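Residue numbers run from 1 in the order of the sequence given. Bear in mind the structure is a predicted one, so any value in this text is a computation, not a measurement.
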Amino acid sequence: IKKSGILEMLTIKEQGNDIGGLAKLKQWLQQKARILSDWPAARAFGVEPPKGVMIVGMPGCGKSLTAKAAAALFNLPLLKLDMGSLMGKYVGESEGNMRRAIQVAEAVSPCVLWVDEVEKAFFGISSGHEGSEVATRLFGYFLTWMQDKTKQVFVIATANDISSLPPELLRKGRFDEIFYVDFPTEAERIDIFRLHLHRRKQLSAQIQLEELAKKTSGYSGADIEAVVKEAIEQAFVDKCVALDNTRLLQVINHTHPLRDVMANKIK
Ligand code: ATP
């Protein structure tokens with residue numbers, strides 16, 4: 001199951017404070033981290049065992065980053081279950097894969113199980129199209145496991161498109177919470193620029209974070225990271241002493257957020 005790329009144990013470099021913006025989500029994760037770090041006392045106090053969280057939203061807006069940062073915050077190993085490759089070609093294969101993946105997660109527990117692209121497995125359940133029978137059985141198995149879970153496996157499910165998910169999965173009680181991550185606001189973009197510039201040792205007083213954020217409406221966190229990387233590369237090649245604001249603005253002027261590229265807005 002490991003060789004086939006269905007389930008992978010990840011080494012985590014990210015930390016909770018690597019996430020820019022998404023204040024509510026970060027605060028929520030910090031609360032869970034406090035509970036998990038003192039679980040026997042929390043349980044004795046009447047706290048319910050944490051089940052997991054669903055994070056839905058735009059590509060490049062921090063879903064994967066959050067899954068990794070959460071495992072770091074919780075100080076737990078992170079297993080990534082790739083729903084795309086779990087769906088086998090042969091009848092019964094996907095169910096067997098799912099069962100084995102869950103067995104491994106339970107054996108590793110306490111851990112975080114990150115179910116990436118959850119919509120790939122459960123897409124079309126109600127549409128009756130080919131493969132929906134397998135998806136329905138898989139879904140039933142997953143829901144029952146989520147409901148009756150006794151081992152400490154904290155599930156983080158991520159998806160790009162909420163409309164392709166079966167409503168039962170989103171019903172209150174399956175996950176502790178569902179978060180929608182959108183393109184960052186101007187204030188969040190300041191935070192994200194600061195983070196990526198700081199991480200690459202290029203944050204100086206000369207850099208106008210507010211101006212950069214103003215000029216990048218519609219940029220995702222991944223778009224912002226790409227701007228910073230490109231500007232640093234150019235500054236190095238041009239033998240600059242350090243990265244400056246003008247360079248960052250030039251790169252912004254010459255790039256477009258992925259959203260616009262995908263929507264064919266760029267001629
Ligand atoms: P996809 O749906 O395409 O998998 P995603 O939402 O999972 O997208 P991430 O993989 O988390 O996106 O983001 C890609 C990269 O962009 C991250 O590794 C990170 O460097 C940067 N990034 C995205 N969002 C943020 C954020 N809120 N704060 C800081 N960096 C971010």
Check: [Y] main-chain N/O paired with [X] side-chain donor or acceptor under 3.5 Å:
X: Glu117; Y: Asp82; value: no
X: Asn245; Y: Gln208; value: yes
X: Lys63; Y: Gly57; value: yes
X: Asn160; Y: Met58; value: no
X: Lys26; Y: Gly21; value: yes

Exercise. Kindly indicate, with the supporting measurements, whether the criterion side chain to side chain contact (heavy atoms under 4.5 Å, CB included) is fulfilled by Glu119 and Met83.
Key: CA-CA 8 Å; Glu119 71 269 43; Met83 280 301 201; over 6 Å; no
Which value, rounded to the nearest 0.5 Å, describes the distance between [X] atom [atom1] and [Y] atom [atom2]?
X: Gln103; Y: Arg99; atom1: CD; atom2: CZ; value: 8.5 Å
X: Ile232; Y: Arg200; atom1: CD1; atom2: CZ; value: 6.0 Å
X: Gln30; Y: Leu25; atom1: CD; atom2: CG; value: 10.0 Å
X: Leu22; Y: Trp28; atom1: CG; atom2: CH2; value: 13.5 Å
X: Met146; Y: Phe175; atom1: CE; atom2: CZ; value: 4.0 Å
X: Phe45; Y: Asp38; atom1: CZ; atom2: CG; value: 11.5 Å

Measure the shortest side-chain to side-chain distance between [X] and [Y] over non-hydrogen atoms and say whether it is less than 4.5 angstrom.
X: Ile178; Y: Val53; result: no
X: Arg199; Y: Asp18; result: yes
X: Leu197; Y: Leu209; result: yes
X: Leu212; Y: Val227; result: no
X: Glu225; Y: Val228; result: no
X: Gln147; Y: Arg174; result: yes
X: Phe139; Y: Glu168; result: yes
X: Ile162; Y: Met54; result: no

message = If only side-chain N and O atoms count, and only distance matters, is there a donor-acceptor pair under 3.5 Å linking Ser220 with Asp223?
response =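 Judged by distance alone, the side chains do pair up.
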Exercise. Check whether the side chains of Gln234 and Glu230 place a donor and an acceptor atom closer than 3.5 Å, and report yes or no.
Key: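 There is such a pair between these side chains.
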Answer yes if [X] and [Y] sit in the same cluster of Ile, Leu, Val, Met, Phe, Trp and Tyr residues linked by side chain heavy atoms under 4.5 Å apart, and no otherwise.
X: Ile102; Y: Val118; answer: yes
X: Trp114; Y: Leu81; answer: no
X: Tyr141; Y: Ile6; answer: yes
X: Val155; Y: Val47; answer: no
X: Ile156; Y: Val108; answer: no

Check your understanding: Hey, is Arg247 close enough to Asp244 for a salt bridge, meaning N to O under 4.0 Å?
Key ->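 Not counted as a salt bridge, because no side-chain N and carboxylate O are separated by less than 4.0 Å.
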Ignoring hydrogens, what is the shortest heavy-atom contact between [X] and [Y]? Give both atom names and the distance.
X: Ala231; Y: Leu248; answer: CB-CD2, 3.7 Å
X: Trp39; Y: Pro49; answer: CH2-CA, 3.4 Å
X: Val153; Y: Ser109; answer: CG2-CB, 3.9 Å
X: Phe74; Y: Leu29; answer: CE2-O, 3.4 Å
X: Leu7; Y: Leu79; answer: CD1-CB, 4.3 Å
X: Pro50; Y: Lys149; answer: O-NZ, 4.2 Å

Working for side chain to side chain contact (heavy atoms under 4.5 Å, CB included), residues Leu143 and Leu169: CA-CA 7 Å; Leu143 280 193; Leu169 191 63; 3.7 Å; yes
Q.
Set out, in order, the CA-CA distance, both residues' side-chain angles and the distance that settles side chain to side chain contact (heavy atoms under 4.5 Å, CB included) for Leu203 and Phe193, then state yes or no.
A. CA-CA 9 Å; Leu203 183 61; Phe193 266 114; over 6 Å; no
| said: I'd like to know whether CD of Gln206 has more than 12 heavy-atom contacts from other residues, nucleotides or ligands below 6.0 angstrom. | reply: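 Buried by this count: over 12 neighbours within 6.0 Å.
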Is there a side chain to side chain contact (heavy atoms under 4.5 Å, CB included) between Phe183 and Arg189 once you walk through the steps?
CA-CA 9 Å; Phe183 288 102; Arg189 294 196 298 275; over 6 Å; no
